[in-house]
Amino acid sequence: MPIVIDREIPAYTTSTEERIFVIDRQRAAAQKTRPLEIAILDLIPTEEASEARFIRLLSNSPVPVNITLLKSSAYPVQVKTSKIYKEFSEIKHRKFDGMIITGTPFENTTSGKMKYWSEIKEIFDWTKTNVNCTLFSCWAAQTALNYFYNIKKHPLKKNCFGIFTHNRVLDGVAEPLMRGISDEFNMPHSRHNIVYAKDILHIKELKILSYSKRAGASIIKSVDNRRVFLTGHLEYDRYTLKNQFEQNCSDLKPPVNYFSDKEKTEVNMSWASSANLFYINWLNYYVYQAEAA
């Protein structure tokens with residue numbers, strides 16, 4: 001089923017070129033099926049590419065998905081001026097079936113830190129009542145775990161940068177979010193901090209679904225299924241880590257377990273099937289069926 005987005009955003013053209021089923025809002029308005037309402041708040045500086053990655057994965061939904069793109073009013077890196085990107089104040093009165101929050105650490109900004117953090121906290125609190133299920137990705141996952149459950153992130157001596165093997169936690173209970181994903185699977189990571197599984201195990205409101213010896217707890221959910229925390233980047237494209245490495249090669253070592261040749265040009269995209277399964281499971285079992293319940 002189609003993703004509903006504005007024709008003016010770059011992701012519309014990208015998705016059309018890749019033959020991803022997208023339609024504009026005018027065409028969607030003529031259809032009778034109520035789409036899932038999904039908000040995406042993406043604070044990463046290369047936000048246009050990031051949004052296209054999420055839209056690509058969400059396009060596998062069995063029902064139409066209406067995307068609302070959000071921007072921060074306080075984040076200094078963003079320069080989104082188009083009316084198709086809404087500020088939180090413009091949509092805070094609405095209800096959403098699902099929401100994805102991802103982004104760059106506010107600690108790395110040079111100005112507006114307090115205003116930025118104040119807005120993030122307001123959005124986090126708003127999701128309690130206005131979103132059926134919120135997916136917090138990477139920095140947002142670490143920040144939300146600390147905000148809601150006082151779980152601290154720990155700085156790493158060496159960056160967690162590359163593709164890491166993860167293990168599912170198999171406790172005999174069927175977990176819809178992980179349906180179809182192998183007991184061992186790969187996930188990209190690009191961060192300086194880690195959340196340890198041992199800091200989560202004693203919190204009865206949370207359940208660890210997967211972990212990595214090198215990358216720590218990687219997929220965590222709240223037991224009421226209202227929040228999902230993904231500490232890595234299943235949404236990354238084949239060359240996302242390559243581009244990050246080439247842009248910051250003076251500060252980064254090559255991503256581990258990533259390049260398949262000595263020249264560091266070819267990439268084995270070993271996480272693609274897990275990424276597609278994870279996002280379709282999230283939409284189907286945590287967003288769509290939660291909305292229907």
Side-chain angles (χ1 to χ4, degrees), residues 38-39 41 95-103 105-106 117 120-156 160 164-185 187 189 191-234 274-275 277-293:
I38 304 294
L41 174 60
K95 301 281 187 178
F96 288 86
D97 300 303
M99 183 173 188
I100 297 173
I101 304 178
T102 186
F106 75 93
W117 179 231
I120 292 297
K121 290 192 295 183
E122 184 181 4
I123 293 172
F124 281 3
D125 288 335
W126 172 84
T127 64
K128 297 177 186 178
T129 56
N130 289 62
V131 182
N132 283 339
C133 184
T134 305
L135 172 57
F136 300 91
S137 177
C138 196
W139 169 83
Q142 294 184 339
T143 304
L145 284 168
N146 179 258
Y147 184 71
F148 290 119
Y149 306 102
N150 199 32
I151 297 171
K152 298 185 182 302
K153 60 184 178 182
H154 302 273
L156 292 166
C160 186
F164 299 92
T165 299
H166 296 256
N167 297 95
R168 289 181 56 180
V169 175
L170 302 174
D171 57 3
V173 179
E175 173 49 58
L177 189 62
M178 305 298 286
R179 182 165 293 176
I181 297 177
S182 300
D183 292 352
E184 281 192 353
F185 64 96
M187 184 189 304
H189 288 266
R191 50 186 168 82
H192 308 278
N193 302 288
I194 190 170
V195 173
Y196 292 120
K198 64 180 182 180
D199 295 335
I200 301 173
L201 291 173
H202 69 283
I203 299 177
K204 62 182 181 179
E205 295 90 355
L206 295 175
K207 183 177 182 179
I208 299 173
L209 303 182
S210 70
Y211 68 93
S212 164
K213 292 181 180 180
R214 174 68 176 85
S218 51
I219 302 177
I220 309 104
K221 73 165 190 174
S222 61
V223 295
D224 64 1
N225 295 337
R226 295 290 305 281
R227 300 180 187 126
V228 174
F229 308 90
L230 179 68
T231 64
H233 285 284
L234 279 174
S274 297
L277 285 167
F278 175 83
Y279 278 92
I280 196 62
N281 288 343
W282 177 69
L283 276 176
N284 188 28
Y285 298 111
Y286 280 60
V287 176
Y288 175 61
Q289 293 193 25
E291 185 274 337

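Just so it is clear, the values below take in all heavy atoms, side chains as well, and ignore hydrogens, waters and symmetry mates.
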Q: Flag the pair N132 / V287 as yes when at least one side-chain heavy-atom distance between them is below 4.5 Å, and no otherwise.
A: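 No; the side chains remain at least 4.5 Å from each other.
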Q: With no hydrogens and no angle check, is any side-chain donor or acceptor of R179 less than 3.5 Å from a backbone partner on Y285?
A: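 It does not hold such a pair.
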Q: Below 4.5 Å, heavy atoms only, C-beta onward: do L206 and Y149 meet side chain to side chain?
A: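 In contact.
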Q: Could you state the interatomic distance from CD (E205) to CZ (R227), rounded to the nearest 0.5 Å?
A: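 The CD atom of E205 sits 9.5 Å away from the CZ atom of R227.
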Q: Identify the heavy atoms of W282 and C133 that sit nearest to each other, and give their distance.
A: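 In this case the closest contact between W282 and C133 is NE1-SG, 3.3 Å.
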Q: Between I38 and L283, is the side chain to side chain contact (heavy atoms under 4.5 Å, CB included) condition met? List the steps.
A: CA-CA 9 Å; I38 304 294; L283 276 176; 4.0 Å; yes
Q: For W117 and Y147, run side chain to side chain contact (heavy atoms under 4.5 Å, CB included): C-alpha distance rounded to whole Å, both residues' side-chain angles, the deciding distance at 0.1 Å, then the answer.
A: CA-CA 11 Å; W117 179 231; Y147 184 71; 4.3 Å; yes
Q: About how many Å separate CG of D199 and CG of L145, when rounded to the nearest 0.5 Å?
A: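 L145 atom CG to D199 atom CG measures 10.5 Å (nearest 0.5 Å).
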Q: What pair of heavy atoms forms the shortest contact from C138 to H233, and how long is it?
A: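 So the two residues come closest at SG-NE2, 3.0 Å.
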Q: Describe, in one word, how the ring planes of F136 and F229 are oriented to each other, choosing from parallel (under 30°), tilted (30 to 60°) and perpendicular (over 60°).
A: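 Judged by the thresholds at 30° and 60°, the geometry between F136 and F229 is parallel.
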Q: So, S222 side chain and R226 main chain: donor-acceptor pair closer than 3.5 Å or not?
A: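 Yes: the side chain of S222 pairs with the backbone of R226.
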Q: How long is the span from the CZ atom in F96 to the OG1 atom in T134, to the nearest 0.5 Å?
A: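 If I round to the nearest 0.5 Å, the distance is 11.0 Å.
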Q: Distance-only, no hydrogens or angles: does the N281 side chain make a donor-acceptor pair with backbone N or O of L277 under 3.5 Å?
A: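 Yes, because the side chain of N281 sits within donor-acceptor range (under 3.5 Å) of the backbone of L277.
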Q: Any non-hydrogen side-chain atom of F185 less than 4.5 Å from a side-chain atom of T165?
A: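 No; the side chains remain at least 4.5 Å from each other.
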Q: Between atom CD1 of I203 and atom CD1 of I151, what is the distance when rounded to the nearest 0.5 Å?
A: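 Nearest 0.5 Å value for the CD1-CD1 distance: 3.5 Å.
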Q: Within 45 degrees of the axis of the six-membered ring of Y196 and under 6.0 Å from its centre: does K198 put its NZ or CZ there?
A: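 Relative to the ring axis of Y196, which defines the angle, K198 lies inside both limits.
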Q: Please step through side chain to side chain contact (heavy atoms under 4.5 Å, CB included) for the pair I219 and M187, ending with a clear verdict.
A: CA-CA 10 Å; I219 302 177; M187 184 189 304; 4.0 Å; yes
Q: Does the pair N146 and K152 meet the rule for a side chain to side chain contact (heavy atoms under 4.5 Å, CB included), with working shown?
A: CA-CA 6 Å; N146 179 258; K152 298 185 182 302; 4.1 Å; yes
Q: Side-chain contact, heavy-atom cut-off 4.5 Å: L41 with I100?
A: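 A side-chain contact under 4.5 Å is absent here.
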Q: Does some side-chain heavy atom of T127 sit less than 4.5 Å from a side-chain heavy atom of M99?
A: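 Yes, their side chains come closer than 4.5 Å.
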Q: Hey, what do you get for CG (D183) to OG (S210), rounding to the nearest 0.5 Å?
A: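 Reported value, rounded in 0.5 Å steps: 11.5 Å.
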Q: What is the distance from atom CD1 of I220 to atom OG1 of T231, rounded to the nearest 0.5 Å?
A: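 Output value for this atom pair is 5.5 Å.
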Q: When you measure from the side chain of R191 to the backbone N and O of W139, does any donor-acceptor pair fall under 3.5 Å?
A: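 No, R191 side chain to W139 backbone: no donor-acceptor pair under 3.5 Å.
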Q: Is the shortest heavy-atom distance from the side chain of Q142 to the side chain of N193 under 4.5 Å?
A: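 Touching, per the 4.5 Å side-chain cut-off.
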Q: Give every donor-acceptor pair under 3.5 Å between a side-chain atom in residues 166-175 and any protein atom, sequence neighbours left out.
A:
residue	atom	partner	partner atom	Å
H166	ND1	S218	OG	2.9
H166	NE2	F164	O	3.4
H166	NE2	H189	NE2	3.0
N167	ND2	E184	OE2	3.4
R168	NH1	M178	O	3.3
R168	NH1	I181	O	2.8
D171	OD1	V173	N	3.0
D171	OD2	K207	NZ	3.1
E175	OE1	K221	NZ	2.8
E175	OE2	L177	N	2.9
E175	OE2	Y286	OH	2.5

Q: Where do F124 and F148 come nearest, in terms of heavy atoms and distance?
A: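 Nearest heavy atoms, F124 then F148: O-CZ, 3.5 Å.
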